[in-house]
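The structure appears below as structure tokens.
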Amino acid sequence: MKVLLIGSGAREHALAHSLIADPEVAALIAAPGNPGIAALGSSVTCLPGVSDVTDASAIVSAAREHDVDLVVIGPEAPLVAGVGDAVRAAGFACFGPGAAAAQLEGSKAFAKSVMAAADVRTARAQVCTTLEQVRDALDAMGSPFVVKDDGLAAGKGVVVSDDLDEAIAHAQRCLDKPEGQVVVEEFLDGPEVSLFCISDGASVVALEPAQDFKRLGDGDTGPNTGGMGAYSPLPWLQGHTPDLVQQVLMRVAKPTIAEMAQRGTPFVGVLYVGLALTAGGPRVVEFNVRFGDPETQCVLARLRTPLAGLLLAAARGTLADFPPLTWHDDAAVTVVLAAAGYPDTPERGAPITGIADAEQISGVQVLHAGTSRSSEGEDLVATGGRVLSVVGVGPSVIEARQRAYQGVAAIGMPGSQHRRDIAAHASGSSYTSMQVDGHIPLYAGKVRELYAPLDSATGLINDETLLLVASDRISAYDFVLDSPVPDKGIVLTQMSLWWFDQLSDLCPHHVVSLNVPDQVKGRGMYVRRLKMLPVECIARAYLTGGGLSEYHASGSVSGVDLPAGMVDGSELPEPI
């Protein structure tokens, strides 16, 4: 199979990686591609001359010249411009919706009308064409204010703010555009999740969920961007909304695809469903009509199923016969490296070094987004706002995250910026951990919780210390009771500290510092990171608990034979 891939960003680099790994793909042609895609191997060809991805005639000519079997369109702009229609009209299989179906992203007002017709749950909204309408809508919706540019805005057309003046100013900028209009929405409170749904116009298949980080700064501060990082899977989702994927398929994706087909504009491609997991259940924040960036970089790193076959089945309308998708067990974390001045006035031309060093780190992949070669063709320089995506893959989110940040640390780019808290709170603990700024939750037991401090400059985990926090949870016989005892964790911590002090002349202890974040004052301590010796000693004088279960199964406890007829609470002949 020959595949023509349209686009030049990190999303397309990730798609290229997965497409060329498909054994059915003999050649990949990228238009225009980027230096990272060009370096994937001899079977990859980049067409830098096809620099305008909305030029349908140039893309059709490239498909004919290279006699391709499948065209995959990455960005949203060519989809909204109708490139998919031109490719299909020329007789090529195309993964990506036509212009009419692409209005699901091209116009938020259109998307709202489709959601209403398909009975998809989303935020209340009002379409506004004048500033007076905007003011009335903001007053009706209340704070936080959500104002969205109705058209394409490269992921930066949304303002969410408690500042009324900021919301109105953004609306004015959008309205000043030709045929400008905005959508004012109610704020949806809850964690956001991205889910990509592959459709052939009738059938729908969901990929694994991911979560991205849209704002520029740590702690979700600063302006909205195209995305500063992402991770997948979401360990906390099982405890929050365990059936989310099935819910979205049945209540969002399938009804939307059916509605588009009923309108005579079948949707073939990726329906990107942006969700807020509110107290009232999942709600759609927005639709996009292509793979999302940077979530794609994580999701495709985990996909085991060959990608080209999946996309070809969607393009040919045979998705219903495609085998179930399979996934790697590993987690993936993406950290975006952006240019100085991004997102408003990104600086171009900064030299980039260290990519080869980063990719020497186990599990690290560096994807190009805004790069080019210097005029001499050797040195790599930054040419865009989001310059690189550094992807770390590992057996857990925490390990994948550490690898991603090690990769970032190996790369040099003057003035570059990145978030240091991507996936920092993505713990899969059995019990709920609080969020402590500048720390990653590692584990939450029945009572105590462990956090890893992060280096404020790099985002890497501090390998020397841990933050140990005592919660107010009550545990009895390995069962956590519903009602915590206020300040119990403070009492436990102070008792521990008292004993450490009393015994300090007899043996060393692990306490390093009590200078902990304010939110865990009194109940937290920094301790030395130690390697656990996994040994548990149990002394039994009576038969109960796990010993009783073992006795019922074998007549013995820990290999010691016991008399017959013993019951729960029986005294043992001698302690074990």
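Predicted model only: the values in this text are computed from it and were never measured.
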Would you give the length of the straight line joining atom CD of Glu186 to atom CE of Met141, rounded to the nearest 0.5 angstrom? 6.5 Å

Counting N and O atoms only, with roles assigned by atom type, does the side chain of Gln519 sit under 3.5 Å from a partner on the main chain of Gln435, one being a donor and the other an acceptor? yes

Take Lys108 and Glu185 through the test salt bridge (charged side-chain N to carboxylate O under 4.0 Å, His left out) and record every step on the way to the result. CA-CA 11 Å; Lys108 292 176 177 60; Glu185 291 187 356; over 6 Å; no

Nearest-0.5 Å distance that lies between atom CD1 in Ile411 and atom CG in Leu380: 10.0 Å

Could you give the distance from CD (Glu76) to CG (Asp293), rounded to the nearest 0.5 Å? 9.5 Å

With side-chain contact (heavy atoms from CB on, under 4.5 Å) as the criterion, how do Leu104 and Thr256 come out once you've worked through the C-alpha distance, each side chain's angles and the decisive distance to 0.1 Å? CA-CA 10 Å; Leu104 281 174; Thr256 299; 4.3 Å; yes

Mark yes or no for whether Arg420, through its side chain, and His418, through its backbone, hold a donor-acceptor pair below 3.5 Å. yes

Using side-chain contact (heavy atoms from CB on, under 4.5 Å), reason through Val270 and Ile198 one step at a time and then give a plain yes or no. CA-CA 5 Å; Val270 180; Ile198 309 295; 3.8 Å; yes

If you look at every heavy atom in Asp330 and Pro395, which pair is closest and at what distance? OD1-CA, 3.6 Å

Less than 4.5 Å apart, any side-chain heavy atom of Leu28 and any of Thr45? no

For a side-chain contact (heavy atoms from CB on, under 4.5 Å) check, start with the C-alpha distance between Lys112 and Thr122, then their side-chain angles and the critical distance, and finish with the verdict. CA-CA 8 Å; Lys112 288 291 186 182; Thr122 184; 2.9 Å; yes

What closest approach, in Å, do Pro453 and Thr465 show between heavy atoms, and which atom pair accounts for it? CD-O, 3.3 Å

Between the side chain of Gln211 and the main-chain N/O of Leu234, is any donor-acceptor distance below 3.5 Å? no

Hey, does the side chain of Arg215 reach the backbone of Gly222 with a donor-acceptor pair shorter than 3.5 angstrom? yes

Between Arg173 (side chain) and Asp149 (backbone), is there a donor-acceptor pair under 3.5 Å? no

Using 0.5 Å steps for rounding, measure from the CG atom of Leu450 to the CG atom of Leu466. 5.5 Å

Output yes when Lys214 and Glu192 qualify as a salt bridge under the 4.0 Å nitrogen-oxygen rule, no when they do not. yes

Mark yes or no for whether Ser199, through its side chain, and Phe267, through its backbone, hold a donor-acceptor pair below 3.5 Å. yes

Here the gap from Phe95 atom CZ to Leu79 atom CG, rounded to the nearest 0.5 Å, amounts to 9.5 Å

Once the angle between the rings of His240 and Trp236 is folded into 0 to 90°, is it parallel (under 30°), tilted (30 to 60°) or perpendicular (over 60°)? perpendicular

Do Leu277 and Leu237 have side chains that approach each other closer than 4.5 Å (heavy atoms only, starting at C-beta)? yes

Any donor-acceptor pair under 3.5 Å linking the side-chain atoms of Ser389 with those of Gln297? yes

Please check if the side chain of Tyr405 supplies one atom and the backbone of Val335 the other of a donor-acceptor pair under 3.5 Å. no

Under 3.5 Å: donor-acceptor pair, side chain of His439, backbone of Asp437: yes

Exercise answer: donor-acceptor pairs, residues 246-253 side-chain atoms, under 3.5 Å, sequence neighbours excluded:
{"unit_1": "Gln247", "atom_1": "OE1", "unit_2": "Arg251", "atom_2": "NH1", "d": "3.2"}
{"unit_1": "Gln247", "atom_1": "NE2", "unit_2": "Asp243", "atom_2": "OD1", "d": "2.9"}

Any side-chain heavy-atom pair of Leu216 and Pro343 under 4.5 Å: yes

What pair of heavy atoms forms the shortest contact from Ile440 to Arg401, and how long is it? CD1-NH1, 3.3 Å

So which atom in Ala358 and which in Gly407 form the shortest heavy-atom distance, rounded to 0.1 Å? CB-O, 3.5 Å

Check: Asp379 and Pro351 side chains under 4.5 Å, non-hydrogen atoms: no

Got Val83 and Ile6 here, is their nearest side-chain heavy-atom distance under 4.5 Å? no

Please tell me whether Asp150 and Ser107 have a donor and an acceptor in their side chains that are separated by less than 3.5 angstrom. yes

Would you call Asp220 and Arg419 a salt bridge, using N to O less than 4.0 angstrom? yes

Counting only heavy atoms not in Asp162, do more than 12 sit closer than 6.0 Å to its CG atom? yes

Taking Leu5 as the fixed residue, which of Ile20, Leu15, Ile29 is the one that meets the side-chain contact (heavy atoms from CB on, under 4.5 Å) rule? Leu15

Are the side chains of Leu195 and Leu207 in contact, using a 4.5 Å heavy-atom criterion? no

Between the side chain of Glu105 and the main-chain N/O of Val289, is any donor-acceptor distance below 3.5 Å? yes

Any heavy-atom pair between the side chains of Lys148 and Val285 that's under 4.5 Å? yes

Considering all heavy atoms, the nearest Ala424-Pro441 contact: O-CD, 2.9 Å

Arg302 (side chain) donor-acceptor with Trp327 (main chain) under 3.5 angstrom: no

With no hydrogens and no angle check, do the side chains of Tyr272 and Ser194 hold a donor and an acceptor under 3.5 Å apart? yes

Can you label the angle between the Phe213 ring and the Tyr231 ring as parallel, tilted or perpendicular, going by 30° and 60°? tilted

Closest non-hydrogen contact found for Ala315 with Cys94 is CB-O, 3.4 Å

Distance check, rounded to the nearest 0.5 Å: Ile352 atom CD1 versus Arg373 atom CZ? 9.0 Å

Full working for side-chain contact (heavy atoms from CB on, under 4.5 Å) between Leu40 and His13: CA-CA 9 Å; Leu40 285 178; His13 195 171; 4.1 Å; yes

For Glu24, does the CD atom have more than 12 heavy-atom neighbours from other residues, nucleotides or ligands under 6.0 Å away? no

Do Ile398 and Ile461 make a side-chain contact, defined as non-hydrogen atoms from C-beta onward lying under 4.5 Å apart? yes

Compute whether any side-chain donor of one residue and acceptor of the other, for Ser8 and Asn34, lie under 3.5 angstrom apart. no

Do you know which of Asp22, Val72, Val71 makes side-chain contact (heavy atoms from CB on, under 4.5 Å) with Val3? Val72

